[in-house]
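Report on the following structure.
Below, read A as the first sequence line, B as the second, and so on, with proteins coming before strands; counting in each chain starts at 1. Bear in mind that the values here come from a model prediction, so they are computed numbers and not experimental data.
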Amino acid sequence: MIELTVKTGKRNELLDVTSQVQEAVSKAGLKEGLCIVYCPHTTAGVAINENADPSVKEDVLRKLTELVPKDDNYSHMEGNSDGHIKAILVGNSKTIFVKSGKLVLGTWEGIFFCEFDGPRSRNLLLKMAEC
Amino acid sequence: MIELTVKTGKRNELLDVTSQVQEAVSKAGLKEGLCIVYCPHTTAGVAINENADPSVKEDVLRKLTELVPKDDNYSHMEGNSDGHIKAILVGNSKTIFVKSGKLVLGTWEGIFFCEFDGPRSRNLLLKMAEC
Amino acid sequence: MIELTVKTGKRNELLDVTSQVQEAVSKAGLKEGLCIVYCPHTTAGVAINENADPSVKEDVLRKLTELVPKDDNYSHMEGNSDGHIKAILVGNSKTIFVKSGKLVLGTWEGIFFCEFDGPRSRNLLLKMAEC
């Protein structure tokens, strides 16, 4: 298992970690198989989506906040229920194929660490399986 | 493949199944690898989130029901379209790392069976892979 | 890695690909293990849900569009921000168990390619792991 550190800079942020994940795959020497990316935090997640036009990230974050506002008479007293709910909607892990040592991603795809209660220093766990 | 039984007690409920999953991993003798948890039902799912403060579960369930109300002029006549939609949003499986025989979960993380059309007796399927 | 082609016919559509995936598993000769289905597009996803009553698909698509309308003052200028956001909510891959050469799906479960910016010709990637 590999542990990466991710530093987020805002309360809500989609941080492109594609090159960090690719680097870990290369270092591990995995040629053919799976790389599973796991976020061990309850107010953050992992998504795979467009990394070309940054306005997509803006739209994603704005819409998520419209659907799940920061303040909404939540019971949980820590003020981050929105982050927990967004994390559940986005999901906390992704499974990515590896072929000839490279992550198999679509033309416009990047891997994003999704921060919903930052800024913080976060961990991202990776595991690889040959297959 | 291992089959666990889960009994839910309400129409909407997040049921902590972490210890059941850990027990299955221990019995299977898996030391290093992956445990995949799969919910074979179309109105239920699996989420990983905070299991410390129970108010988080309340907030999650309330918000999901606000976004996807039980009655909303749905076409499907069984009265559980909300459950199908919530299941799709939450997702029906999770992949969890196993290290030294233990599920790798963040400090506050637990695995939840997410019931959206209960109460019912449900199945939860597990599969393990060494890697 | 196996690449399937999927032709969608509408802007928003849930297309049942269960038999295509099962056929690929059979051809590959996988008996016991995992089949991972991965959508390499940023405005489409993969979901597992009811394939018995087609009205469920209608309800899912209608609700997703209510939550994430096509036009909503998005920043991204391509007119498909809704598709990106829906893709993130639904998720871009699924892990399915294989037992005795058959996909392990619940009684009412089917695998759906989820188109959110069609109609298009799309790819669906599969990878299998014995375990």
Side-chain angles (χ1 to χ4, degrees), chain A residues 14 16 18 30-38 45-68 85-100 102-112 114 116 127-131, chain C residues 1-3 6 28 30 32-47 63-96 98 116-117 120 122-131:
Chain A
L14 300 189
D16 192 335
T18 316
L30 179 69
K31 293 301 173 200
E32 308 292 325
L34 302 172
C35 173
I36 298 123
V37 180
Y38 186 94
V46 188
I48 293 181
N49 211 266
E50 172 163 342
N51 65 355
D53 177 0
S55 67
V56 172
K57 296 194 292 184
E58 255 179 67
D59 289 338
V60 170
L61 291 174
R62 203 205 68 197
K63 175 53 73 180
L64 285 175
T65 297
E66 273 178 31
L67 295 174
V68 188
I85 298 164
K86 288 173 175 179
I88 288 175
L89 292 177
V90 162
N92 71 332
S93 91
K94 292 291 161 194
T95 298
I96 304 151
F97 300 167
V98 175
K99 193 180 169 180
S100 308
K102 300 283 173 202
L103 295 167
V104 178
L105 292 169
T107 319
W108 310 108
E109 282 189 328
I111 308 165
F112 291 96
C114 307
F116 299 124
K127 208 163 165 64
M128 297 173 203
E130 275 189 274
C131 66
Chain C
M1 195 173 76
I2 295 158
E3 203 166 329
V6 175
L30 179 69
E32 308 294 324
L34 302 172
C35 173
I36 297 122
V37 180
Y38 185 93
C39 167
H41 304 285
T42 59
T43 54
V46 188
K63 175 54 72 181
L64 285 174
T65 296
E66 273 177 31
L67 295 174
V68 188
K70 182 177 182 332
D71 301 306
D72 200 8
N73 291 312
Y74 297 115
S75 307
H76 183 52
M77 297 301 287
E78 292 179 25
N80 61 0
S81 282
D82 60 324
H84 290 287
I85 299 164
K86 288 172 176 180
I88 288 175
L89 292 176
V90 162
N92 71 332
S93 90
K94 292 290 162 195
T95 298
I96 305 150
V98 174
F116 298 124
D117 189 28
R120 297 209 202 184
R122 301 284 208 172
N123 298 319
L124 196 58
L125 309 180
L126 306 184
K127 206 161 166 65
M128 298 173 203
E130 275 189 274
C131 66

So what's closer than 4.5 Å to chain A heavy atoms on [X]: side chain, backbone, both or neither?
X	value
C/Leu34	neither
C/Asp72	both
C/Asn73	both
C/Cys39	backbone

Going by distance alone, is a donor N or O of one side chain under 3.5 Å from an acceptor N or O of the other, for C/Ser75 and A/Glu58? yes

Answer yes if the side chains of A/Thr65 and A/Lys86 hold a donor-acceptor pair under 3.5 Å, and no otherwise.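 A pair is found: one side chain offers a donor N or O, the other an acceptor, under 3.5 Å apart.
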
Under a 4.5 Å cut-off applied to non-hydrogen side-chain atoms, are [X] and [Y] in contact?
X	Y	value
C/Val68	C/Phe116	no
A/Cys114	A/Val90	yes
C/His41	A/Trp108	no

Report which part of [X] has an atom under 4.5 Å of a heavy atom belonging to chain C: side chain, backbone, both, or neither.
X	answer
A/Lys94	side chain
A/Leu67	side chain
A/Glu130	neither
A/Val98	backbone

Would you give the length of the straight line joining atom CD1 of C/Ile2 to atom CG of C/Leu126, rounded to the nearest 0.5 angstrom? 5.5 Å

Only pairs of heavy atoms separated by less than 4.5 Å count here; which of C/Asn123, C/Ile36, C/Thr43 has the most with chain A? C/Ile36

What orientation do C/His76 and C/His84 show, parallel under 30°, tilted 30 to 60°, or perpendicular over 60°? perpendicular

